[in-house]
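Note sheet for the following structure.
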Amino acid sequence: MELLRIEGAIEHRRDLSFSDLGALPGQIPDVAQLLPGREGGGVRLQSVLNVVSPDETARYITLSSSDGKFSTSVPLEAVHDPIIAYRLGDEPLPSKKGGPFRFFIPNVEECAIGGVDACANVKFLARIELSQKPGADNRPTSKTTHEEHHTKEGHEHLERS
Ligand SMILES: Nc1nc2c(c(=O)[nH]1)N[C@H]1C(S)=C(S)[C@@H](COP(=O)(O)O)O[C@H]1N2
Ligand SMILES: [Mo]
């Protein structure tokens with residue numbers, strides 16, 4: 001069973017399972033209401049943060065994928081109402097949808113604009129780390145490197161429903 005690790009500048013480090021996420025408040029039964037064209041159910045990041053109690057000094061959130069190949073670090077206060085999608089019906093979100101855990105920032109569609117952009121919607125999310133300083137971020141930053149990025153297997157754009 002895959003777990004979502006929450007660590008760093010927080011009071012309680014946690015490894016959350018599908019059922020742990022399902023037991024939290026702040027459920028989004030249908031993410032399509034906030035993320036047009038996306039499927040599945042999710043939970044608000046805020047509910048997860050409430051469980052781990054971030055330090056007051058935490059300023060950045062770093063999201064890393066389970067394949068170790070992709071990570072993104074953005075200022076916490078710049079990310080508005082993000083969602084962790086984790087289910088499709090009663091089952092874990094499949095990897096073809098970016099599961100078992102997928103980060104989504106509503107109303108952010110544009111790619112490679114830096115900061116809080118669609119590239120920060122990390123698929124196959126395995127680890128969330130809070131920190132005072134920016135963490136690892138290997139998003140492509142130029143148009144060219146971004147296009148190259150999306151030609152790699154597993155990094156192509158996912159089909160929407
Ligand atoms: N694990 C992982 N997540 C990732 C990527 C990736 O290569 N690996 N690419 C990012 C980029 S650059 C973009 S633009 C979005 C694309 O998401 P979509 O295919 O669902 O539209 O996923 C992001 N999340
Ligand atoms: Mo992107």
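All heavy atoms count here, side chains included; hydrogens, waters and symmetry mates do not. Order of listing sets the numbers, starting from 1, for every ligand and every atom in it. This chain uses plain numbering: 1 for the first residue, then up along the sequence. Please read these numbers as outputs of a predicted model, since none were measured by experiment.
- Contact atoms of ligand 1 toward S65: 1 (N) (distance under 4.0 Å to a heavy atom of the residue).
- Nearest protein heavy-atom neighbour of atom 24 (N) of ligand 1: N121 O, 2.9 Å.
- At the top of the distance list for atom 21 (O) of ligand 1, counting protein heavy atoms only, stands R38 NH2, 3.1 Å.
- Looking only at protein heavy atoms, the nearest one to atom 7 (O) of ligand 1 is H155 ND1, 2.2 Å.
- Between the side chain of D15 and the backbone N or O of L3 there is no donor-acceptor pair closer than 3.5 Å.
- Of the candidates H150, R139, H157, H150 brings a heavy atom nearest to atom 12 (S) of ligand 1.
- If you chain together hydrophobic residues whose side chains sit under 4.5 Å apart, L16 and F104 never meet in one group.
- Close contacts of ligand 1 with V122, meaning ligand atoms under 4.0 Å from a residue heavy atom, involve 3 (N), 24 (N).
- A salt bridge links E109 and R160; the closest N-O separation between the charged side-chain nitrogens and carboxylate oxygens is under 4.0 Å.
- Contact record, I105 with N121: N-OD1, 2.8 Å, taken as the closest heavy-atom pair.
- Checked by atom type, the side-chain pair S47/N50 shows no donor-acceptor distance below 3.5 Å.
- At a heavy-atom distance under 4.0 Å, atoms from both the backbone and the side chain of C119 approach ligand 1.
- The nearest protein atom to atom 14 (S) of ligand 1, hydrogens excluded, is given as C111 SG, 2.8 Å; this is a heavy-atom distance.
- Checking only distances, H146 never comes within under 3.5 Å of ligand 1, N or O to N or O.
- Taking the six-membered ring for Trp and the full ring otherwise, F124 and F101 have centroids separated by 6.0 Å or more.
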Assess whether side chain to side chain donor-acceptor pair (under 3.5 Å) is satisfied between S65 and D67, documenting all intermediate values.
CA-CA 6 Å; S65 67; D67 58 11; 2.5 Å; yes

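- When only interatomic distances are considered, the shortest N/O to N/O separation between R102 and ligand 1 falls below 3.5 Å.
- Among protein heavy atoms, atom 3 (N) of ligand 1 sits closest to K123 N, 2.9 Å.
- Scanning the protein heavy atoms around atom 9 (N) of ligand 1, the nearest turns out to be H149 NE2, 3.2 Å.
- For R160, no nitrogen or oxygen atom sits less than 3.5 Å from a nitrogen or oxygen atom of ligand 1, counting backbone and side chain alike.
- Of all heavy-atom pairs spanning G42 and I83, the tightest one is CA-CG2, 4.1 Å.
- Taking distance alone, with nitrogen or oxygen atoms compared against 3.5 Å, L158 approaches ligand 1 more closely than that limit.
- Between R127 atom CZ and L4 atom CG the span is 11.0 Å, to the nearest 0.5 Å.
- Residue contacts with ligand 1 do not include G98, since none of its heavy atoms lies under 4.0 Å from the ligand.
- A donor-acceptor pair is defined here as one N or O able to donate and one able to accept, closer than 3.5 Å; no such pair exists between the side chain of E129 and the backbone of Y60.
- With hydrogens left out, the protein atom closest to atom 15 (C) of ligand 1 is A118 O, 3.5 Å, a heavy atom.
- Here is the list of ligand 1 atoms found below 4.0 Å of a heavy atom in F124: 1 (N).
- Between H157 and H146, the angle of the ring planes lies from 30° to 60°, which puts this pair in the tilted group.
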